[in-house]
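For reference, the structure discussed in these notes is given below.
Computed from heavy atoms alone, side chains included, the values below leave out hydrogens, waters and symmetry copies. Quick caveat: nothing in here was measured; it's all calculated off a predicted structure.
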Number of protein chains: 2
Amino acid sequence: MTQATSYDKLKGAISQAYPDLSGQLQRIARFALERPNEFALGTVAVIAEAVQVQPSSLIRFANALEYKGFSEMQQVFRGNLVERSTSYRERIDQLRRQDRPGSKGGSLHQFVGEAIAELGNLEETVRAVDVMTAVKLMCGADRVYVLAQRRAFPVACYLSYALSHLDIKAYLLDGAGGMLSEALKNITARDALIVTSFRSYSQPVIDAAGLAHEQGVSVIAITDSALSPLKPFARVSFEVGSTVDQPFRSLVAPLCLAQALVVTAGHHLAEASIKSASTSQSKSRTKPKKTTSARNGVAP
Amino acid sequence: MTQATSYDKLKGAISQAYPDLSGQLQRIARFALERPNEFALGTVAVIAEAVQVQPSSLIRFANALEYKGFSEMQQVFRGNLVERSTSYRERIDQLRRQDRPGSKGGSLHQFVGEAIAELGNLEETVRAVDVMTAVKLMCGADRVYVLAQRRAFPVACYLSYALSHLDIKAYLLDGAGGMLSEALKNITARDALIVTSFRSYSQPVIDAAGLAHEQGVSVIAITDSALSPLKPFARVSFEVGSTVDQPFRSLVAPLCLAQALVVTAGHHLAEASIKSASTSQSKSRTKPKKTTSARNGVAP
DNA sequence: TAAATAATAGAACATACATTTCATTTTGTC
DNA sequence: GACAAAATGAAATGTATGTTCTATTATTTA
């Protein structure tokens, strides 16, 4: 392999060489791919400081990629920088042109646009109070059950996975083996149930929500309309998506909401544990420094 | 007048000062406005050579614009360079920095902002060719298997669900009952495998991708970095997410990509069926009018 | 035309920089 | 557990770079 002269080639060369690099050089490689701009403009000393390595390691990195020195490699990053800055306009125009006929590969642009619109809508319609209410229900519950089917199922997956990484006991009701009704029997009034369903609403999910509601379970609903059959059963309900003239939607908005719920719950738990730790030292929560871990470690 | 800190201001300052500059400094000024990239990246010597002046004149030029030295002025040019190359995300980041004080209910806003930034990044990094390649692999395969674990699992759920609503035979490898390796044995070279994994990459998924690759299966990877261990095994790989200073990410970007893949696949099938229907009427595909149904009816 | 002032060229200087070198630590192996 | 090899840290080195200074040239004014 010889030294790459274009940024794309360099990227390829880095990913190819990555497995055989030492730990420190791998760190540099990640940094190079994630923040190419700093690599392009920074001095060796500054970049080394940012990556938390010695300057010499940067030269070693460049050498590992067959460059004579760091500066030589930096030229490639710089080349990419000017190229991107000059062609940005053109690329935008290109995208504009592509998405009109919506024909070939331009559809990604279209979906990105729609997703952004959904997110904007999400931010407008969801009230902060509801988020806090839901978070308190989740944190206060003995166990949190998560239920969804079909299209909404990924949201439930994410919720159960992410909540499990907090101190919250989360259980995914996936209905495997047709044992949904059996699993529902174990839910008590001290638990919480997060149900997610969109049009056309899955009947088992509706039934389950109704059942849980009757038994005094705190039901949190993530759905797509104020007319959702889930709403009557829910202590809190979030109506995401379903912008006026958009008959179909992605899962972007509900997942973003789910993420917000989880991370906010993480913060909530952290605050609570700090408080309880300061009042009674003996009875502290399991993981006092939850704030940082909730931001960094937890599956958001 | 004081020294300009933004490129726009600097441009204004240059044109304002222009008439009062000496002939040589005017020439430098023209060059600075016409080829700002060279000004941003070049050394004093090479720029002086390009403008056909002495290096000292460049310093005089910077001094005339109230800068302490040339390097100081060059920083402005460099700042403009990176801003133009990353304008979309940069603006988002700026917005997010602003809403820091609104810590209370602002978290949702924060996640929405980050999600939008991710989507912007997605659009920038994903090439239309790769989408089409992946779509062709999916449509051409006998069966499409979808594999992911842990954090990435929701993406696989969505893909298998949505693909099943096309004419594509999709199978979700959820590893339930620890029967992943058994399921893998059934995959043949005529099939396709979509693997999704993010840091830290799930070993079973990596192994499965490697195995499939060895057996000649078309592997499509959705991952988060060019350094992903999945990449070597993949016929096509999408690197989504990993925005600059975000150590954690949501599933928004990969899900949006998944949606784009599915719907594009739907279009592709529809076109193919129309073509085959027009050539030989008797041998038409199962559902000729796929175009609309793929957009509206199918799980997007 | 001569003097004075501004502008420029060119070289000298000092600093910041990339690179190299060597000591030290870590990792892998017998 | 000891040795060898690789990787890393830290400082030294030489080069490249920005800046300043002075001599020279052009320009203006008396």
Donor-acceptor pairs under 3.5 Å, side chain of residues 52-59 of chain A to any protein atom, not counting sequence neighbours: which ones?
{"residue": "Gln52(A)", "atom": "NE2", "partner": "Glu49(A)", "partner atom": "O", "Å": "3.3"}
{"residue": "Ser56(A)", "atom": "OG", "partner": "Arg60(A)", "partner atom": "NH2", "Å": "3.4"}
{"residue": "Ser57(A)", "atom": "OG", "partner": "Gln24(A)", "partner atom": "OE1", "Å": "2.6"}

**Q.** Under the side chain to side chain contact (heavy atoms under 4.5 Å, CB included) test, residues paired with Thr264(A) that sit two or more places apart
**A.** Val131(A), Met132(A), Val135(A), Ser107(B)
Q: Could you state the atom-to-atom distance from CZ of Arg60(B) to P of dT20(D) in whole Å?
A: 11 Å
(Q) Can a donor-acceptor pair be found, under 3.5 Å and without considering hydrogens, that links the side chain of Arg78(A) to the backbone of Ala40(A)? (A) yes
Q) In Å and rounded to the nearest 0.5 Å, what is the CG to CG distance from Leu147(B) to Leu159(B)? A) 11.5 Å
Q. Separation of Gln24(A) atom CD from dA10(D) atom C1', in whole Å?
A. 12 Å
Q: Can you tell me the distance, in whole Å, between the CD1 atom of Ile28(A) and the P atom of dA7(D)?
A: 13 Å
**Q.** Gln74(A) side chain to Gly69(A) backbone, donor-acceptor under 3.5 Å
**A.** no
**Q.** Partners meeting ring pair (Phe, Tyr, Trp, His ring centres under 6.0 Å) with Tyr7(B) (sequence neighbours left out)
**A.** Phe77(B)
Q. What are the bounds, 5' to 3', of the part of DNA chain C that sits under 4.0 Å from heavy atoms of chain A?
A. dC17(C) to dT20(C)
Q) In chain order, what residues pass the ring pair (Phe, Tyr, Trp, His ring centres under 6.0 Å) check against Tyr171(A), with sequence neighbours excluded? A) Tyr145(A)
Q: Whole angstrom is fine here: how far is it from CG in Leu25(B) over to C1' in dT27(D)?
A: 15 Å
Q.
Taking atom NZ as the centre, does Lys11(A) end up with more than 12 heavy-atom neighbours from other residues, nucleotides or ligands that are less than 6.0 angstrom away?
A. no
Q. Tell me, for nucleotides 11-18 of chain D in 5' to 3' order, what letter each nucleotide earns: B for a base near a protein heavy atom under 4.0 Å, S for only sugar-phosphate near one, - for neither?
A. ------SS
(Q) Without decimals, in angstroms, what is the distance between Leu21(A) CG and dA6(D) P? (A) 15 Å
